[in-house]
Every structure is written in C-alpha cells, then in structure tokens.
Amino acid sequence: MFSKINWRELENSEIEREYSPSSTIGGDYLPYINEYIRESNLVKESYDVIECSYGPLSTNTLDLILPKNFLEGPLVPLIVFIHGGYWQELSKNESLFMGKQILEEGYAFAAVDYSLCPSVKIEEIVDECRMALTWLKSAGSSYGFDSEKIILAGSSAGAHLSAMCSLNHNDQATSASYIPAATVLVSGIYELQPLIHTSINDALKMSKDSAIVLSPLFKDLKCFPQTLITWGENETDEFKCQSEAFAQNLMDYGIPVETYEVSGKNHFDIILDLAKKNGILGKKFYKLIEDVCS
C-alpha cells in the first residue's frame, strides 16, 4: 500500500523538519560527506580519471573512469551518477565513492558535475544534466562503453535530476533515444512544491508554477525506463512518501519498477551501499544492470 505525500496537511515548521534529511540523524551529516570524500579519493588513487567537458561552462564537466583491460573485450555498460546536495552543495569530486565496486564488475563509471543554486536555477541544472547524458550518449564508441547501455543513478536531488533526465522531452537533444537503459533513484524528491515552504527555497527561489513544472511526479512517464527506487528506513515520512508516490505513478504507466526500503540506513549512508555486491541493495542494483544489458 503506497502512501500519499501529505505536506499540505502540515504546519510550515513540520514541513521544514520533514524536508530536512539530517533531522533523523541529529543534524550532523558531515561524517557521511567525509566518507564520500575518503572513498572517492581511494578511487582516484587506483584508477585513471578522465575529466570530460560536456558543455560551455566550467562546471559542465564529468569524471569518466574505465575498467582496467576494457579494450580487450566488447563495449561495456556505463553507470552514471548524479550527486545530491539539494541542488546547492557537493560536486563530482565527492561522487566517485561507488566507482571501485562498479569498475571491479567490469563496468565503466561516470560522475556528473553541474552548476549550483543560487548561481543558477534548477531548470538550468536539469538542462545541464540532460546535456551531460547526451554527450555521453555520443561519446561511447570513442571511450569504449556501450551508449545503448547507460544506467543512470542519482541520490536525493540527484535522484530528482535523474528522473528528469529519464523523461521523453520530444526534442532533438533529449529525444526518446537518449533515455537511459535504466534508472536508479535513491532517496529522491519528485514533487518540489513543499520546498517552497522551507528555508531550502532561499537558494532555489522556486515559485509554485516552476516547482510544478520541475516535478517528475506530474510528468508523462510512458517512456520512462525500468527503474529501481530505494530509500532508507531512517528517513522522514515525507521522503519515504515521495519515493512511494513516484513509484506508484510509474506503475500506473506500466513501467517496470521495484521499490526497496533499506533497513537501518538513512538519507546519507544508503547510497554508500548501492554498489556493494554483498548487500541486498547491491544485489538489486546489479540485477537491474544485468536485466537491461543482457
């Protein structure tokens, strides 16, 4: 049974708490960010990282890492990660942490950088991420990964951006052929209007109309790819409901979707488990890749 997003029934102080992911962990999320950095640095020490420009801005870059000995075999699938941070924090530099496990499985890996609010609006960030995906689609044969086997994953705001990139936009740059083979959405937000009633919007500067336009929950989902939607047990009710509601919409469109709540995990540490093959979440992740790439 899926829950509805009920932010309209809450006081503003309650909305603030529900949409503050750190409210369930006592407020200090820096230890998790430090873990992202530590794990990302280990990947940088072990693999050659190729920084690629996908657009005109200095922030329009991505880090691409290819598995060792990849040229000896066929083109490999590519897993692309879009980081979170409420569209105003973090970068690709802290986003390579899952690369080690993915590369050991023989897949290529990329982490996308993008401009941050308040310097830009979320609409521009969405366009940048679509541009990055389009660039990767065109670059596959040059780098040895399969452009038809791109799996897009995102955490928190990155899950929102991944969802927006997985829609059919009916234009040349982001047509249906550029939709990823599969999408993995971790602890995401898919209806943005409640954020207007929080301090988060100080940097985002969304209006009601722009929040609706930017909400994947209200989009045509008929071309959306096969999807895994997951969240942590220790997250706010509203974050859980956001994932459940979007999963239900995908199901209503007939899209193959699996949902999974990860026991004992919160908004910040769940993503650290995504690529670990010995865990239940990792098993679901790699099975999805196998399903769409076989």
Side-chain angles (χ1 to χ4, degrees), residues 1-3 21-22 24-25 29 31-33 35-36 38-40 42-43 67 76-84 94-111 149-160 162-163 166 180-190 224-251 255-294:
M1 181 67 181
F2 288 90
S3 305
S22 59
T24 63
I25 60 168
Y29 60 86
Y32 303 104
I33 305 302
E35 183 67 8
Y36 299 167
R38 189 185 74 82
E39 293 290 337
S40 294
L42 290 175
V43 173
V76 298
L78 171 69
I79 287 75
V80 180
F81 180 64
I82 301 179
H83 70 82
E94 306 89 17
S95 302
L96 301 179
F97 49 83
M98 69 176 71
K100 181 176 184 294
Q101 294 90 351
I102 288 170
L103 291 157
E104 287 176 350
E105 292 300 312
Y107 305 132
F109 177 73
K149 296 178 179 179
I150 295 177
I151 291 83
L152 183 60
S155 174
S156 193
H160 163 267
S162 296
S166 300
T183 303
V184 181
L185 306 176
V186 182
S187 300
I189 180 167
Y190 312 101
F224 213 89
Q226 185 172 338
T227 301
L228 170 64
I229 296 180
T230 183
W231 61 91
E233 176 187 16
N234 301 327
E235 301 210 42
T236 67
D237 289 342
E238 282 290 285
F239 262 97
K240 292 180 181 182
C241 291
Q242 286 268 349
S243 288
E244 291 176 336
F246 191 61
Q248 184 62 64
N249 273 21
L250 288 171
M251 292 177 188
I255 305 302
V257 57
E258 182 176 9
T259 62
Y260 182 61
E261 179 175 293
V262 183
S263 176
K265 295 298 179 180
N266 62 54
H267 190 87
F268 302 96
D269 62 0
I270 179 177
I271 191 61
L272 293 167
D273 278 9
L274 181 62
K276 294 179 179 178
K277 198 169 186 179
N278 59 342
I280 296 177
L281 180 57
K283 287 182 170 67
K284 291 181 180 295
F285 174 59
Y286 289 112
K287 184 178 185 306
L288 175 66
I289 297 172
E290 292 170 3
D291 286 348
V292 299
C293 293
S294 59

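Since this is a predicted model, take the numbers as computed values, not measurements.
Ser243 is not listed as a side-chain neighbour of Leu185, based on a closest heavy-atom distance of 4.5 Å or more. The shortest side-chain heavy-atom distance between Asn234 and Ile25 does not fall under the 4.5 Å cut-off. Side-chain contact between Val292 and Pro77: absent, with no pair of heavy atoms (C-beta onward) separated by less than 4.5 Å. Using a 4.5 Å cut-off on side-chain heavy atoms (C-beta onward), Phe285 and Val186 make no contact. Here the side chains of Lys100 and Glu104 are in contact, with some heavy-atom distance below 4.5 Å. Looking at Thr259 and Glu244, their side chains never come closer than 4.5 Å, going by heavy atoms from C-beta outward. At a threshold of 4.5 Å between non-hydrogen side-chain atoms, the residues Val80 and Pro180 do not count as touching. Using a 4.5 Å heavy-atom threshold, the side chains of Ser155 and Phe268 count as separate.
Between Ile82 and Ser162 the shortest heavy-atom distance is CD1-OG, 3.8 Å. Scanning all heavy atoms of the two residues, the minimum distance from Leu96 to Ala111 falls at CD2-CB, 3.6 Å. Listed here is the closest heavy atom pair of Pro225 and Ala181: CB-O, 3.7 Å. Minimum interatomic distance between Ser187 and Gly232 (heavy atoms only, all atoms of both residues): OG-N, 4.1 Å. For Ile102 against Ala275, the heavy-atom pair with the smallest separation is CG1-CB, 3.9 Å. Between Pro67 and Leu103, the shortest heavy-atom contact is N-CD2, 3.6 Å.
Atom-to-atom distance recorded for Arg38:CZ and Glu35:CD is 4.5 Å, nearest 0.5 angstrom. Atom-to-atom distance recorded for Glu235:CD and Gln242:CD is 11.0 Å, nearest 0.5 angstrom. For the atom pair CG of Leu288 and OG1 of Thr227, the computed distance is 8.0 Å after rounding to the nearest 0.5 Å. Atom NZ of Lys265 is separated from atom CD1 of Ile271 by 11.5 Å, given to the nearest 0.5 angstrom. Annotation: the span from Met98 atom CE to Glu39 atom CD amounts to 11.0 Å, rounded to 0.5 Å. Interatomic distance, Ile289 CD1 to Lys149 NZ, rounded to the nearest 0.5 Å: 12.0 Å.
The aromatic rings of Tyr107 and Tyr286 sit parallel to each other, their planes meeting at less than 30°, with 60° as the upper class boundary. Between Phe97 and Phe81, the ring planes lie perpendicular to each other; the angle is over 60°, past the 30° to 60° tilted range.
Other residues, nucleotides and ligands place more than 12 heavy atoms under 6.0 Å from the CD1 atom of Ile33.
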Taking it one step at a time, do Ile151 and Cys293 satisfy side chain to side chain contact (heavy atoms under 4.5 Å, CB included)? CA-CA 9 Å; Ile151 291 83; Cys293 293; 3.7 Å; yes
Derivation of the salt bridge (charged side-chain N to carboxylate O under 4.0 Å, His left out) call for Lys240 and Glu261: CA-CA 9 Å; Lys240 292 180 181 182; Glu261 179 175 293; 3.8 Å; yes
Dump the intermediate steps for ring-ring contact (aromatic ring centres under 6.0 Å, His included) on Tyr36 and Tyr29, then the final yes or no. CA-CA 11 Å; Tyr36 299 167; Tyr29 60 86; 9.4 Å; no
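When atom types are taken as modelled, the side chain of Asp269 and the backbone of Asn266 share a donor-acceptor pair closer than 3.5 angstrom. Side chain of Thr230 to backbone of Tyr260: a donor-acceptor contact under 3.5 angstrom is found.
Looking only at atom types and distance, the side chain of Thr24 has no donor-acceptor partner in the side chain of His267 under 3.5 Å away.
Here the options are Trp231, Phe239, Tyr190, the test is ring-ring contact (aromatic ring centres under 6.0 Å, His included), and the partner is Phe246; only Tyr190 passes.
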